[in-house]
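Notes to accompany the following structure.
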Amino acid sequence: MWRACQSERHLGQYYTLPTSHLHTIFPHGLPARYQQQVKTFNEGCVMVRQPALELISYLKAADYSKPAVRYLLYGLKGSGKTMSLCHTIHYCSTQGWLVLHIPDAHLWVKNCKELLPSSYHTSRFDQPIEASNWLRNFRTTNERFLSKIKLRQRYTWTKRESTEKGSPLGELVDMGVSRVKSSSDVVGAVLKELRLQAAETEESEGFRLAVAIDGVNSLWGRTTIKKEDKSPVAPEELTLIHNLRKMIDNNWCGGAVIATLSQTGSLYSPSSAYLPKELLGEEGFDSMDPFIPVPVSNYSEKEFESCYLYYLDRHWLQHPHSENEGKKEIIFLSNRNPSVLERLCAFL
Amino acid sequence: MAAHTLNIYMLSLGRMHCHIYGRNVHKALNRATYATALSTNNSSPNKGFPDRGSRGPIIRRPRREEGEPRKDRMPVDQDWTAVYPTAAPFRPGSVPLPVRMGFPVKRGVPPEKKGNLELIKIPNFLHLTPTAIKKHCEAMKLFCTEWPSALDTNVKCDEHFPIKIECKDYVSAGTSIRNPSARIVNLRVSICPNYDYAMYLLTVLYHESWKTEAWESEKTVADMEEYSWEDSPSQKNALSTLVRMQIAGEVEGDAVRDKLLGRPEVQEYRESVIRLMNEGESESSILQYREAVKKLLKL
């Protein structure tokens, strides 16, 4: 597939995501403004940029019998971290990997409408709505794996309900979507099964697992969720976060963990922070260590030209001065930051 | 011409710039005018005052006339210290200067001083004219004693008073009256003539510092001045990763651990982590860390 052959020659050029992929691979993954752009232009075009290519080259070169390597995308606000992550996920998906995409981990630590005490572990808390939403999207993304992967263990949910050993993963996921109360535990079970089974080789029905987390710094920060007695809930007391942290550890093989830092949704962190240690904190850094940080910067000259020409080509820029003088002003105003550029061009 | 268009473009984009990250500051761009079908005309005896119904009109004492502001009656050679003897807020009627301050709205000029809150808010030094300071000095002289005649040279001053304290004051225009570098006070000590005594003091201090107190053993990781990689979570992570990478064949044990620690990639990784922790983060230290991890994980 030609997507796998993207190389430095294609730097700065756009490639189109097929519409079917947009619905299956990215039911919840793309940034909101990009989704609006896709709707407006009737197509999803992603620019090939250096950080994503670098990540893809690491993924190609890595040895999957060794423990999972952690990659961390970091950079200034609006420089394209989530889009690079989506590009990498698309690559993994087209290569037949199983993609575990958590679109915004910050959503799991704030604004929780329903918090249930966990049935499995007394001191933890469940978040049924978030868990069931995520399971639904997971099901859409990884349809083909759901019947292939069989459970290694028996899971008992209540006195009468249990999922037997050897049943397909799809059954577990369906149960999680329908029985909302135990959906957080289902998520935990799914993650565990995938972690154990990813280690197998390709021949024996194995698969490669890509864990993609956007906003990984929320796992070690603070939450705004409060218990009934108004005391704050620590992240590790949430079942979803607890299980996700286990995925980030490199004690499993056969895949990779790709994460991005995000200050935008994060809680209690200064808005100028963007470097890994600032946003991850001591605990986060120690958990992720050793990881490979991949910097994402603003557009280079060539990338900016490419983006500008794309907008002109789509007739998005209507102002008569767009060709020459307006361009210099836009460069000045946006400093070639992708998201600021996109918002500025929205008015023209 | 180009500059002109740039200006207008900038102004229009400036308003829009506020929209950029979702904060809609200038909402009042469309002012809706409302036309009511009913006209409201409850005539009340007091014009401009709210209708008090059956309670009756508000009785106010008639306001007396304002006098002439003081500035109009000031002779040129007056005593300014009588106008502002102490620190006081800005009074437009007492300051005879045509001062203007504020933002010029709609291509206008800065507003005048009458009723100007900006001038009242900022600190002023109108009470500290040279004449006023002279008067302060004259008053303080009564309480001062003579400078000792024996201390007429700098050398003699240094001899008797070896410790000097320097304070710096700053005057600058800015958003705050405080200047952070004014907080730095220098204390200078020159070596006193009794060299041997000084040496003795230093030796005693040196030996004292070697004595370990009982409570020092309770020092925790958070108290450490510098980051040490040994026994840190980072070292444990790195070792466990390497062990897992090599799995089959190797026997666990101290020998393996030491062998792993001795490898050049591990040393490089250790250097980069120490640099990150001690120096703080920067683009270059993160890139160094990245190269070290790549070598460690053999990518």
Side-chain angles (χ1 to χ4, degrees), chain A residues 33 54 57-63 65-72 74-75 77-78 249-253 264 271 273-280 282-283 285-295 297 319 321 325-326 328-330 332-334 337 339-344 346-348, chain B residues 1-3 5-10 12-22 221-222 227 229 232-248 265-266 269-270 272-273 276-277 279-299:
Chain A
R33 285 199 75 99
E54 199 182 320
S57 68
Y58 291 149
L59 290 174
K60 281 189 202 169
D63 182 350
S65 56
K66 304 252 174 74
V69 185
R70 280 83 61 93
Y71 306 95
L72 188 65
Y74 71 96
K77 190 148 111 150
D249 265 338
N250 61 351
N251 47 10
W252 55 279
C253 330
T264 321
S271 60
Y274 73 97
L275 291 168
K277 198 148 138 321
E278 282 172 317
L279 284 173
L280 285 174
E282 288 285 342
E283 212 193 321
F285 188 83
D286 289 333
S287 315
M288 292 278 292
D289 189 42
F291 62 91
I292 301 198
V294 180
S297 55
H319 198 274
H321 283 160
E325 298 143 21
K328 289 195 214 121
E329 291 189 33
I330 293 186
F332 174 73
L333 280 171
S334 63
N337 180 288
S339 92
V340 175
L341 171 67
E342 197 263 313
R343 279 168 215 257
L344 279 176
F347 298 110
L348 298 168
Chain B
M1 184 61 196
T5 38
L6 184 71
N7 212 352
I8 300 215
Y9 205 77
M10 287 294 286
S12 62
L13 273 176
R15 244 204 301 268
M16 290 168 197
H17 207 68
C18 302
H19 290 268
I20 281 183
Y21 279 112
V221 176
Y227 178 78
W229 192 67
S232 73
S234 171
Q235 185 196 33
K236 290 188 203 115
N237 286 342
L239 278 176
S240 61
T241 317
L242 284 171
V243 164
R244 267 183 240 131
M245 274 165 68
Q246 281 171 329
I247 0 166
E265 309 80 77
V266 180
Y269 172 72
R270 173 178 169 271
S272 64
V273 174
L276 252 188
M277 294 286 182
E279 277 179 39
E281 283 180 305
S282 64
E283 286 289 331
S284 56
S285 59
I286 301 249
L287 288 173
Q288 188 191 1
Y289 174 76
R290 184 162 89 130
E291 297 306 314
V293 173
K294 267 165 61 172
K295 281 193 201 144
L296 196 73
L297 300 174
K298 300 204 183 58
L299 264 179

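The analysis underlying the following values was restricted to heavy atoms, covering all of them including side chains, and did not include hydrogens, waters or symmetry mates. By convention in this document, chain letters (A, B, ...) are assigned in the order of the sequence lines, proteins followed by strands, and residues within each chain are numbered from 1. Here the structure is a predicted model, which is why all the values come from computation and not from measurement.
- Interface summary for chain B: among P290(A), S287(A), A61(A), the most heavy-atom pairs under 4.5 angstrom belong to P290(A).
- Relative ring orientation between Y58(A) and Y71(A) is described as parallel, the plane-to-plane angle staying below 30° on a 0-90° scale split at 30° and 60°.
- Neither the backbone nor the side chain of D63(A) comes within less than 4.5 Å of any heavy atom of chain B.
- Between chain B and the residues V294(A), D249(A), L275(A), the most heavy-atom pairs under 4.5 angstrom are made by L275(A).
- In this structure, the portion of L297(B) lying under 4.5 Å from any heavy atom of chain A is its side chain and not its backbone.
- Between Y269(B) and Y289(B), the two ring planes are tilted [angle within 30° to 60°].
- The local environment of CD in E282(A) is sparse, with at most 12 non-hydrogen atoms from other residues, nucleotides or ligands closer than 6.0 Å.
- F285(A) touches chain B through its side chain: at least one heavy atom from C-beta onward sits under 4.5 Å away, while N, CA, C and O do not.
- Listed by chain and number, the residues in a side-chain hydrogen bond (donor to acceptor under 3.5 Å, both in side chains) with S282(B) are S284(B), S285(B) (sequence neighbours excluded).
- Of all heavy-atom pairs between L279(A) and A273(A), the closest is CD1-O, 3.8 Å.
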